[in-house]
Asks: 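Here you go, one structure.
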Protein chains: 2
Amino acid sequence: MSLDETLARIDADLPEATERLLNLLRIPSISTDPAYKEHCQEAADWLVEDLKSLGVQAEKRPTPGHPMVVGHVEGDGPHVLFYGHYDVQPVDPLELWNSEPFDAKIEDTPEGKVIRARGASDDKGQLMTFVEACRAWKAVHGTMPCKITFFFEGEEESGSPSLIPFLKENAEELKADLALICDTGLFESKTPAIMTMLRGLLGEEITLTGASKDLHSGMYGGAAMNPIRALTKVLANLHDDQGRVQVPGFYDGVPEMPDEILKQWEGMGFDHGKFLGDVGLSKPAGEQDRTALEMIWSRPTCEINGIIGGYTGEGFKTVLPSKARAKVSFRLVGQQDPHKIRESFRAWVKEQLPEDVDVEFHGHGNSPASQMSTDHPAFEQARRALSEEWTNDAALTGCGGSIPIAGYFKTYLGMDTLLTGWGKDDDAIHSPNEKYDVESFHKGIRSWARILDAITK
Amino acid sequence: MSLDETLARIDADLPEATERLLNLLRIPSISTDPAYKEHCQEAADWLVEDLKSLGVQAEKRPTPGHPMVVGHVEGDGPHVLFYGHYDVQPVDPLELWNSEPFDAKIEDTPEGKVIRARGASDDKGQLMTFVEACRAWKAVHGTMPCKITFFFEGEEESGSPSLIPFLKENAEELKADLALICDTGLFESKTPAIMTMLRGLLGEEITLTGASKDLHSGMYGGAAMNPIRALTKVLANLHDDQGRVQVPGFYDGVPEMPDEILKQWEGMGFDHGKFLGDVGLSKPAGEQDRTALEMIWSRPTCEINGIIGGYTGEGFKTVLPSKARAKVSFRLVGQQDPHKIRESFRAWVKEQLPEDVDVEFHGHGNSPASQMSTDHPAFEQARRALSEEWTNDAALTGCGGSIPIAGYFKTYLGMDTLLTGWGKDDDAIHSPNEKYDVESFHKGIRSWARILDAITK
């Protein structure tokens, strides 16, 4: 049987494949909010049933958090493990959505048809491109292209607390020759990318407490310590006026990119102006001696992802709050050590606090950066296969996001990982009105068929 | 008829008076939140009916916001206007209340009986001490002690937007020889106070916008401007490391207190350690060359009353928010001009914003400080009357809070105002678990009977 027949089958089955994805998107599997626990179970059940329909021996596997879905199917050639995640981000601010986040549907837009829903791009739509490629292959060939292990997680958007214990406990079962992950984007709409450098992530939540209760600023204002004031003083010191992070030792283990890689990046035609202009910005806000591409691919960063304290409703309330809180994250590169940075950050915060302010820290996951070893032949085979499907040749790139699973696969299962995906910069993942282009979904399925064909020849 | 008979009547009627107050407290008249509009009407209606039961010609008077309650009753001697407010603060954070904020009730505590409810101390309990004093007087004498105008506002906790227009339109009707206000506290539990210096208040809300939508920090982190970062940088600059406010021109018009007043304050035995210690603090947080009493009575301040941006729910979300917002207030003294400070603050904020950050300002009321002219004989008469009721002699003091109405009475009606009240530092006004001591309520009613007796002799 030829690859062309599989591609033709994919084209013909697109309406049904889209319908299946819409059904999965209608399950509100928000992993970070305990209120959606049952829906995470529901999404896992849905995937188990869908894999079974492909002849995969699939089951839901319990964890202390949301379940994993694991499926195995036999085949000739190399053994690959495919990873994706079925959980999604929260939907707030809900008022900025133009439609219900879980009322998934196809929309016509000036740029083409899109699938609109929370999780459409991150990661249910991407995950299903691989499943649909396998479905088409099976329909045409009667067998799978190779031995495949399916591994779907339900806690990717909430720090993956159960992942490492699960990998350790099931290492023998999960280990394959190569891992495939579909949770990243196109370099630009006509150019696919295989990500070979991923930033790590460290999350910290700080809660400052001043007085033992909220106070009236008329009675105490001026005399009583205001923890919001203390918090803004600390957070304002995170970056100097050149955009460098001020936590001591933060840049230990940060490598300088070789000139040849920087030159290669320059040659990729990344449009810095458009990248920021598309979201209403004009100037790269990070380290002032770096390009925007370095800022998001090869430089570490620190961001304040959330802050709250005092009265934040309508109108005004002259309160001196007892508590103020912030969520801070660090994107890590090279050999930066998340544990050392966490310790250094906590000590640095404590040093700066005035009298009468207590601090509590709460860690939200940590993962070092990862660097793929691209000498595995599948990388070049996949790059050529992708170049066939898309207008422009595929590129080997960095990635600003953190997909710690790739590092864990290397550490705990000794597997290399090939990361690719069909998301676009305007997919609004983690934002209101998330979407996935029908073209991304369609060409994504075709891309996986091509990759599976290339690496199993 | 003697004062003693009135006081005896007050003592005998205390259980019924308390029951009436509990009924008023059960109406959730939160003025700043539009969801409670009908309850503000309900509280105004309740007061109209209660005044009518005293023979007062009372009515609800519409405004563009919540209604005023105005009542008149004839009598001999001077004409006094009594002002109080029937609206209350919001109740959040609700989870810190040990009982329902509007399920008003009497509680036994180790320190004595308290009336527990939002508004118990600020200002429904205080307002009713005057009404109950009039009720007892009427019961004993058959008449009121003098000609009285009752004037109750429903927007005091939300910036009093209708107040000045109402005062201007009804100046002839409202003007009296002296205004009485019960919205302040005891100097300490055995020492009553007449406040002669009140701070002004200026409220500002700042909204910063970076990107046109929320972004994923994996994709944009480092390169895109984060408005929380910009906001913390600006707010951290509000105070220098000596606690001085850095807005240009802020201290223009701030007088130094005469040495004799500072000495008088020193002699009042204010326990700085206990004042802060009672709320879990140890060190005055304002200007480092001032005492805590100066910080709250005679020095201007700036406080961040609320801040919000990004993801603030459970767990973690690596979002780069589009917007971040803060509410900032300034307490003013002497001749500080709220309009000039507002302009200077806005210009100062704008100057500090980096590229790609837009700002919107929203003003929340402004009032200058006020200084009472204490040469009106009622001040000394009232001071002596209060000294009879309480263990220690009454003091003439400053007040950290802003009761702009006293300044407006002077400006628009040419009236002096005598401000006194029976609240305590631990009443938790504007905070969870607000209370009013039954002793404050009881002795407060008796205090008003004594004051009315003294100023009408």
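Residue numbers start from 1 in every chain, and the chains themselves are labelled A, B, ... in the order their sequence lines are given, proteins ahead of strands.
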Asks: If you check every heavy atom in residues 237-246 of chain B against those of chain A, which residues fall under 4.5 Å?
Replies: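 Under the 4.5 Å heavy-atom cut-off, B:H239, B:D240, B:G243 qualify.
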Asks: Can you see whether B:S282 engages A:D356 through a side-chain donor-acceptor pair at a distance of less than 3.5 angstrom?
Replies: yes
Asks: In terms of heavy-atom pairs under 4.5 Å with chain A, which of B:S329, B:A292, B:G222 leads?
Replies: B:G222
Asks: Based on non-hydrogen pairs under 4.5 Å, which of B:K213, B:M225, B:H216, B:E157 is most in contact with chain A?
Replies: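 Most heavy-atom pairs within the cutoff with chain A belong to B:H216.
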Asks: Return the option, out of B:S212, B:A223, B:G280, B:G310, with the maximum number of heavy-atom pairs under 4.5 Å with chain A.
Replies: B:A223
Asks: Keeping to residues at least two apart or across chains, list the ring-ring contact (aromatic ring centres under 6.0 Å, His included) pairs with something in residues 272-292 of chain B.
Replies: A:Y220-B:F275, B:F270-B:H272, B:F270-B:F275
Asks: Quick one: of A:T32, A:V279, A:D214, who has the most non-hydrogen atom pairs under 4.5 Å with chain B?
Replies: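 Most heavy-atom pairs under 4.5 Å with chain B: A:V279.
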Asks: Heavy-atom pairs under 4.5 Å with chain A: which of B:G313, B:A224, B:G221 has the most?
Replies: B:G221
Asks: Using a cut-off of under 4.5 Å for heavy-atom pairs, which of B:L198, B:D278, B:T291, B:L235 has the most such pairs with chain A?
Replies: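 Most heavy-atom pairs under 4.5 Å with chain A: B:L235.
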Asks: A:K435: which residues meet the salt bridge (charged side-chain N to carboxylate O under 4.0 Å, His left out) condition with it, sequence neighbours left out?
Replies: A:D426, A:D427, A:D437
Asks: Is the count of non-hydrogen atoms from other residues, nucleotides or ligands lying under 6.0 Å from B:Y36 atom OH greater than 12?
Replies: no
Asks: What residue pairs, at least two apart or across chains, pass salt bridge (Lys or Arg N to Asp or Glu O under 4.0 Å) with a residue in residues 323-332 of chain B?
Replies: B:E205-B:R325, B:E205-B:K327
Asks: Check each atom of B:N433 against the heavy atoms of chain A and say whether the ones under 4.5 Å are side chain, backbone, both or neither.
Replies: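 Looking at B:N433, nothing touches chain A.
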